[in-house]
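The next block holds one structure in the form of structure tokens; read it before the comments.
Hydrogens, waters and symmetry mates play no part in the numbers below; they use all other heavy atoms, side chains included.
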Amino acid sequence: MTKTTEKNNVTLTNHEKKLTKKLFWRNMFLGFNMSYTRQQGVAWDWVHQPVYREIYKNDEDKYWEAMKRNLEFFNTTPNMVGTVSGLAVSMEEENAKASEGSFDTAGISGMKIGLMGPLAGIGDTFFSGVWGLIIMGIAISFAKKGNLVVAALPLIALLPNLLIRWYGQKYGYKLGSKYIQKAVQDGIMTMFTKASSIVGVTVVGGMIATLVKFPIVYKTKINGTVFELQKVLDQILPNMMPLALAIVCFVLLRKNVSPVKVLLGVVVLGFALTFLGITGA
Amino acid sequence: MTKTTEKNNVTLTNHEKKLTKKLFWRNMFLGFNMSYTRQQGVAWDWVHQPVYREIYKNDEDKYWEAMKRNLEFFNTTPNMVGTVSGLAVSMEEENAKASEGSFDTAGISGMKIGLMGPLAGIGDTFFSGVWGLIIMGIAISFAKKGNLVVAALPLIALLPNLLIRWYGQKYGYKLGSKYIQKAVQDGIMTMFTKASSIVGVTVVGGMIATLVKFPIVYKTKINGTVFELQKVLDQILPNMMPLALAIVCFVLLRKNVSPVKVLLGVVVLGFALTFLGITGA
Amino acid sequence: MTKTTEKNNVTLTNHEKKLTKKLFWRNMFLGFNMSYTRQQGVAWDWVHQPVYREIYKNDEDKYWEAMKRNLEFFNTTPNMVGTVSGLAVSMEEENAKASEGSFDTAGISGMKIGLMGPLAGIGDTFFSGVWGLIIMGIAISFAKKGNLVVAALPLIALLPNLLIRWYGQKYGYKLGSKYIQKAVQDGIMTMFTKASSIVGVTVVGGMIATLVKFPIVYKTKINGTVFELQKVLDQILPNMMPLALAIVCFVLLRKNVSPVKVLLGVVVLGFALTFLGITGA
Amino acid sequence: MLLYQAFAVGLVMAFAKFINAYGSFAQLMPFISYILLALLLGESPTEALILGAAVELAFYGVMQIGAVLPQDTAVGGLLGVAFALMLHQKPAVAVTLAVPISMLAVVVWNLLKFWFTANVELFDKYIDQRNIKKFNRLWWIQVGVYELAYFSLAFFAILLGTAGVKAFVTSIPPTFLTALTVAAGMLPAVGMGMLLKFVWNISFLPFFIAGFVFAAYLKLPIMGVSILGVAFGLVMFFIDREINTVKKNKATTIQSSGNDEEDFFND
Amino acid sequence: MLLYQAFAVGLVMAFAKFINAYGSFAQLMPFISYILLALLLGESPTEALILGAAVELAFYGVMQIGAVLPQDTAVGGLLGVAFALMLHQKPAVAVTLAVPISMLAVVVWNLLKFWFTANVELFDKYIDQRNIKKFNRLWWIQVGVYELAYFSLAFFAILLGTAGVKAFVTSIPPTFLTALTVAAGMLPAVGMGMLLKFVWNISFLPFFIAGFVFAAYLKLPIMGVSILGVAFGLVMFFIDREINTVKKNKATTIQSSGNDEEDFFND
Amino acid sequence: MLLYQAFAVGLVMAFAKFINAYGSFAQLMPFISYILLALLLGESPTEALILGAAVELAFYGVMQIGAVLPQDTAVGGLLGVAFALMLHQKPAVAVTLAVPISMLAVVVWNLLKFWFTANVELFDKYIDQRNIKKFNRLWWIQVGVYELAYFSLAFFAILLGTAGVKAFVTSIPPTFLTALTVAAGMLPAVGMGMLLKFVWNISFLPFFIAGFVFAAYLKLPIMGVSILGVAFGLVMFFIDREINTVKKNKATTIQSSGNDEEDFFND
Ligand SMILES: OC[C@H]1O[C@H](O)[C@@H](O)[C@@H](O)[C@@H]1O
Ligand SMILES: OC[C@H]1O[C@H](O)[C@@H](O)[C@@H](O)[C@@H]1O
Ligand SMILES: OC[C@H]1O[C@H](O)[C@@H](O)[C@@H](O)[C@@H]1O
């Protein structure tokens, strides 16, 4: 258990470095071959197979037992797998070193199951939600003008993905499970998720005003003065209709109306209003 | 006591519905005939008389006793009366059903007195303060231009009033006193009042910059360069004088200078400064 | 001990007023003659000498003992000295009145040492940090245009300094140590310091965008279209380079790189980039 | 003609004072009365709205809360606008008339309330006598007298006051009118002060500042400031709720606090 | 010619679907595929980007989370842009094609995942047999089939579909195109709704409001709103941390709270 | 002439260094010294202000806190402006001179403080000897020497340095001057960094961000950002107070917390 307590000593031996790098690259494949029953379970096993081979190089039985055991259900945001992967490997090493029966491998499963949820929470929120939103927002604003600078954007955009994979794995491996699970228990994870969500919600609020278009062209004459509906709406609240539309979509989706239906509904609405001469371009 | 515990069952029987509607419309009269000694006490009695008649249709004594009892002092924001009214009626019904002496009617008075304060707090803050401010702000901006759309505004403006009257009464009647009083005790009421006040204070801050006018026209020549007082003030802080004026008014009123005096003071100030050539139009 | 408990009675006798005024003006000298070993210790003694003389006018020994005792190390933001000074004088008066041995003068030293730290915290943050920043920001914006109004600015700028000196001393003298130290213990001081710091940090954030200049003039042609670096940067984030520069300076200073080196580094950077044709005016 | 006008204004006044009490509807709809006024007087509703806007601006923020009625803005507003409308005067004139009238009219309400208070004794007696008829009769008599009082007030003000007001108004020198306009522009400060006094707590200062900065510097319009204010109020509400939860020492984690209040919001 | 084009689009599709899974890279870089597409098809990358921007805008906010894949935006986007690019059509046309295709394409993924699920049994068996070779072979076969499936999908869509699409596109009446543009402009609302649904909590409402006000009233651009959002998130994070500390009843003072978490931030 | 100028600058310097210590007044009023300088030198105060503004901008945020004096901005500023004023040079030249001088001048203060430290022994002795006269005499001698030192520094710098500075300044090539202007524009970043270092705490990051966004995107001027900063500071102060109350486990409700601190604010 020395490793898990030597918190400050996070430098790796040469051999560990090689193993770490290999694991880092193989973990990129976690998103492949997902099944309904095990999700990323098979992928986890394929990813870690050479590492298990290495760890249990002296014990054929334990190696196959590990392969069997790790084929279990697993599912998290692939970008977040690093931490779990690092931790799991460090625990398998303990198991390899431990005398027969003195290490309960159920702990490894427990850790995987315990962490994959919170990590998926923060991961999906941050990567699919917030970060993707911001980067795509910028990318689209460049692409709209045909600006090829957009090709360089992934260099920045992928950084958090790569860094979290790399340092997650490194710290998971070196710091051990105590530290990480304490963070989860202390609510750090939920606090992060909450903070990320706030960023996301703020951005969505801004996006609705910037990206959603609901161009009303309807105008009429009342008592001789031209009445432009869009102008009246703007006086009440700018970007009022985009806001209303987004809220309606949100409410419908929250009531578990299928996204496909909502999507079709919006298209139909756009067509209907345009044919009625209310919206236009 | 079944009613007070069946929290989720808030559907009303046909007969209850009729009674509820009648009460809703009669409660509109709570603001009439206020006295210094009982405030809305007499109005409460007039409002609830047919309901008490109905409840105690089999017991003349109890009916008149209820009429006598409810003539007591009562005062709350009229818009908020629904909740108390609903609760009180549900409690009178308990009393009607209860065997002689088993229901202490002091509880009805206690509830009325206990709730009318917090409800007036949130009610005055929200209705007279925040909501009135916002709606009138918008209404004035329309009316200024002679825009008749303003006639349609009450449709939106009255909604919170009507909804709180209706649902307050309905939930008060159905959920019973426990739930409502718990909310008061838990500080929900003060939290709402605080939140409303924050909205109000923010809006007032904005209004001062938008609505209060303090147009300084004074200018002079210093060393050959024209010195416009308004411009210098704007450089320091835009809308500085309106802000200063409003703060002075606030401080005076807070020191319990009578509103009439403050009002006259402002008028005198406007005249004095204009005659001195400092302000103008 | 009557004085320290009569919290509301903060009016001073005529004699006390004279003494208070003298102390106020002498405290202005606290910043002179600082030494490495005692910092403002000698100045403290010089400042309070006439007051001690007055307090111990009947006891030569106690007077010189006080002079000796107060020559000790002392250091705080000079603008904040009032409170400590007022408190110390009120404690010396207790000592003068107390019968031999009944008053422990260590309490006076303890108070001085205990308060000088927190007061320096809030004082340096507020006066050197926040207030200086704001006032100088405004002063520079006037001075830039050669506007002589700047000469009148200190009238406002010095107010907090004078008021805190005056009322600090007055309340320190009258309220006694209990009240002040309670405030320190309750964390009011750190809360104030935190609030001041937040103002400071906000202003610095704004200042970087307003005052730091990093004018990039580099442009080139790519595929026939002119590519102006400054414009691309502005599209990503306005005032991006000033922000980056300030952050680099901050990080270096935080790593305890000497300010002089950072300063020279910035000058060298400015020259280098200008000679390379990247920046310019 | 003047008789009809007086009658018309009286009617609108009776209506306005009715909804002043009925459901507290008038709080939000003085402009309805101004439009009604214009229609009955055969004047332009547009003009009535413009006059009304000036008057309501001067009254802006004046609230009737608790026992104290600082100004009777309904009476002041209606008569001020009515005179200005009939005499085709500028908004500043409407304000000049409305403000003093609104202050004087408070007397009427005080008299009425005094009488209502005296009658409480009778209501008590009728209940003791178990006589619901008399109870209801007195109730409606009071309502009637209330309505009649304000009808008459308006009726006689127009009938007897118009000539005087006209003479007064036409004799106003131009500088005086400028001064009036300036004073009218300043008046909302009083209403703002009253509102602040009512809701003030030093811990709201930052939101006051923010509201001011957003409007003064960034030119955010009324609606925008209001919406932002709602955001501020909500943030503080949720932070307070969080702190409140801790206060009750419930051992709940931040996210999954299953306290009852949440039922109201989490759906 | 069409054969080559079909082949080219197939290749880009295989690439796009690969990075869809590999490291989740595709989440952030669909425009790389569009540029690639243009280069292979000999069309203008600028044009591809403009078409792609319209399509991605319509897909904006659509997320693949957990078990559910609401739309296969990679397939829809690439085919929509490919057709529009080859037929030199407006962005609205690309969107028209992309949206329905992205919905239909989900079927392919469901079929694949169904097959992968059936194979889990085999993986289990190979482990029991201690046969790592077969295990790896099946793994790579699955990856290969996955790639081939999407390559073929694109290949045949272009080969067999282009004529039909062309006929369809040229027959679109102008009002229809306007309607299309309007609908495309509205579509991001769906993505926004999906995102909101995923992260929503009533206590975030104020930040939603603030984001909207800053963008709608003060015209703060995307980047600015995002940065401000980060500020909001951080403020709440630090306040929560403070409250959390109290919750744990640690007798620490505000400033000097020496709890572990701080290690992460205080340097 | 030069003798008089040297004398004049010496006097202003003595004044400036006096208020540097006396009441810490100088912190806020360097421009008073620049105006004084112009008047005594018979130059335009306006020009002095413009030069001074450039110099103060370059020094912006440099603070003298605790034991360390990073730059003697008073000496640097005055001499830099004096030379530029006398030689009628651009602001950039004033900055070029002010910055290095301000760094070198720190030596003088260190020497003085060293001497003051040596004298502490004497002050101790005089007290032991109960000799208040000698105590006071040494005090004033120190003040005198301090003043004389800075007077002389300025006097000789002007007397002996002007020719050299003139020669140096006239030989500056134009690109060099551009570079100077650029560098001067960058210098406030150092002061900003110093200030940040002093007050920094990671939990303040959101406010830093907000200050930047409001200034950079919404063009809120200095004053506006400062006021908003005050609002931020207050909000956090009141939230902290609330949390603090809970921390002390006082069973008080949110609104009616009767803790002592409130006395300071609730009036
Ligand atoms: O929700 C966790 C995780 O579930 C699945 O594996 C995929 O949908 C991922 O995109 C997602 O991140
Ligand atoms: O304060 C409660 C209540 O008191 C009185 O009844 C009236 O002034 C109402 O307007 C007010 O809402
Ligand atoms: O830090 C407290 C104090 O220390 C020294 O006395 C000086 O540097 C002052 O400017 C500073 O305020």
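The choice from F/V213, F/N110, F/V106 that makes the most heavy-atom pairs within less than 4.5 Å of chain C is F/N110. For the set F/Y22, F/F207, F/F116, the count of heavy-atom pairs under 4.5 angstrom toward chain C peaks at F/Y22. Ranked by heavy-atom pairs under 4.5 Å with chain F, the list C/G123, C/G31, C/A209, C/A43 is led by C/A209. The residue among F/A53, F/P100, F/A179 with the most heavy atom pairs within less than 4.5 Å of chain C is F/A179. When F/V145, F/L228, F/L234, F/N136 are compared by the number of non-hydrogen pairs under 4.5 Å with chain C, F/N136 comes out ahead. Ranking F/A216, F/G224, F/P221, F/G52 against chain C, the residue ahead of the rest is F/A216, based on heavy-atom pairs under 4.5 Å. Annotation: maximal heavy-atom pairing with chain F below 4.5 Å, among C/Y63, C/W46, C/F214, occurs at C/W46. Looking only at heavy-atom pairs under 4.5 Å with chain C, the residue among F/L195, F/L112, F/L205, F/I209 that has the most is F/L195. Interface check for chain F: of the options C/S258, C/G41, C/A151, C/G265, the most heavy-atom pairs under 4.5 Å are formed by C/A151. Counting heavy-atom pairs closer than 4.5 Å to chain F, the top-ranked of the candidates C/T274, C/L162, C/L264, C/T210 is C/T274.
Within the 4.5 angstrom heavy-atom criterion, no atom of C/L252 approaches chain F. Contact of C/F127 with chain F is made through backbone and side chain together, with heavy-atom distances under 4.5 Å. With a 4.5 angstrom heavy-atom cutoff, F/V99 touches chain C only via side-chain atoms. Heavy-atom distances place no part of C/A120 under 4.5 Å from chain F, backbone and side chain included. Both the backbone and the side chain of F/F232 come within contact range of chain C, with heavy atoms under 4.5 Å apart. Interface remark: C/N27 contributes no atoms to any contact with chain F (heavy atom separation under 4.5 Å). Heavy atoms closer than 4.5 Å to chain C are found in both the backbone and the side chain of F/L196. In this structure, chain C has a heavy atom under 4.5 Å from the backbone of F/N131, while its side chain stays farther away. Using a 4.5 Å cut-off between heavy atoms, F/L180 contacts chain C through both its backbone and its side chain. Looking at F/L57, the atoms closer than 4.5 Å to chain C (heavy atoms on both sides) sit in the backbone and in the side chain alike. In this structure, the portion of C/P154 lying under 4.5 Å from any heavy atom of chain F is its side chain and not its backbone. For chain C, no part of F/P91 is nearby; none of its heavy atoms comes within less than 4.5 Å. For F/F18, the parts sitting under 4.5 Å from any heavy atom of chain C are the backbone and the side chain alike. Only the side chain of C/R165 comes within contact range of chain F, with heavy atoms under 4.5 Å apart. Heavy atoms of C/L211 lying under 4.5 Å from chain F belong to its backbone as well as its side chain. For F/F31, the part lying near chain C is the side chain, with the backbone staying farther off; criterion is any non-hydrogen pair under 4.5 Å. In this structure, the portion of F/I35 lying under 4.5 Å from any heavy atom of chain C is its side chain and not its backbone. In this structure, the portions of F/L187 lying under 4.5 Å from any heavy atom of chain C include both its backbone and its side chain. Contacts between C/T202 and chain F at a heavy-atom distance below 4.5 Å involve backbone atoms as well as side-chain atoms. Of the atoms belonging to C/L153, not a single heavy atom falls under 4.5 Å from chain F.
Exactly one of C/V260, C/V266, C/V267 qualifies for a side-chain contact (heavy atoms from CB on, under 4.5 Å) with F/V190. That residue is C/V266.
Between F/P45 and C/L148 the shortest heavy-atom distance is CB-CD2, 4.0 Å. Of all heavy-atom pairs between F/T117 and C/Y36, the closest is OG1-N, 2.8 Å. The two residues F/M186 and C/G270 make their nearest non-hydrogen contact at SD-CA, 3.6 Å. The shortest non-hydrogen separation linking F/M194 to C/L253 is N-CD1, 3.4 Å. Taking every heavy atom of both residues into account, C/F250 and F/G193 meet most closely at CD1-O, 3.7 Å. The minimum heavy-atom distance linking F/F135 with C/V42 is given by the pair CZ-O, 4.3 Å.
Applying the salt bridge (Lys or Arg N to Asp or Glu O under 4.0 Å) test to residues at least two apart or on different chains, the pairs with a partner in residues 127-137 of chain F are C/D61-F/R130, C/K68-F/D128.
Taking CD1 from F/I19 and CE from C/M28, the interatomic distance works out to 12.0 Å, rounded to the nearest 0.5 Å. For the atom pair F/M223 CE and C/S141 OG, the distance stands at 10.0 Å (nearest 0.5 Å). Within the model, atoms OH of C/Y52 and CD1 of F/I132 stand 11.5 Å from one another, a figure rounded to the nearest 0.5 Å. Note that CD1 of F/I127 and CD of C/Q49 are 8.0 Å apart. Values are rounded to the nearest 0.5 Å. With rounding to the nearest 0.5 Å, the separation of OG1 in C/T193 from CG in F/N201 is 12.0 Å. Separation of atoms CG (F/L49) and CG (C/N147) is listed at 8.5 Å; rounding is to 0.5 Å.
Between F/W139 and C/F32, the closest side-chain pair of non-hydrogen atoms falls below 4.5 Å. Here the side chains of C/K194 and F/F237 are not in contact, with every heavy-atom distance at 4.5 Å or above. Two residues are said to be in side-chain contact when any heavy atoms from C-beta on lie closer than 4.5 Å; C/K255 and F/K197 fail this criterion. Side-chain contact between C/L158 and F/F25: present, with at least one pair of heavy atoms (C-beta onward) separated by less than 4.5 Å. Within the 4.5 Å cutoff, the side chain of F/F208 has no heavy atoms near those of the C/V203 side chain. Between F/Y217 and C/L237, some side-chain heavy-atom pair lies under the 4.5 Å cut-off.
Contacts from residues 130-139 of chain C to chain F, taken as heavy-atom pairs separated by less than 4.5 Å, involve C/W131, C/G132, C/L133, C/I134, C/I135, C/M136, C/G137, C/I138, C/A139 in sequence order.
Distance alone, capped at 3.5 Å, is enough to place a donor-acceptor pair between the C/N161 side chain and the F/G23 backbone.
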So F/W140 and C/F29, ring-ring contact (aromatic ring centres under 6.0 Å, His included) or not? Walk me through it. CA-CA 11 Å; F/W140 287 115; C/F29 279 89; 5.7 Å; yes
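If you look at F/F176 and C/F271, their ring centroids are closer than 6.0 Å.
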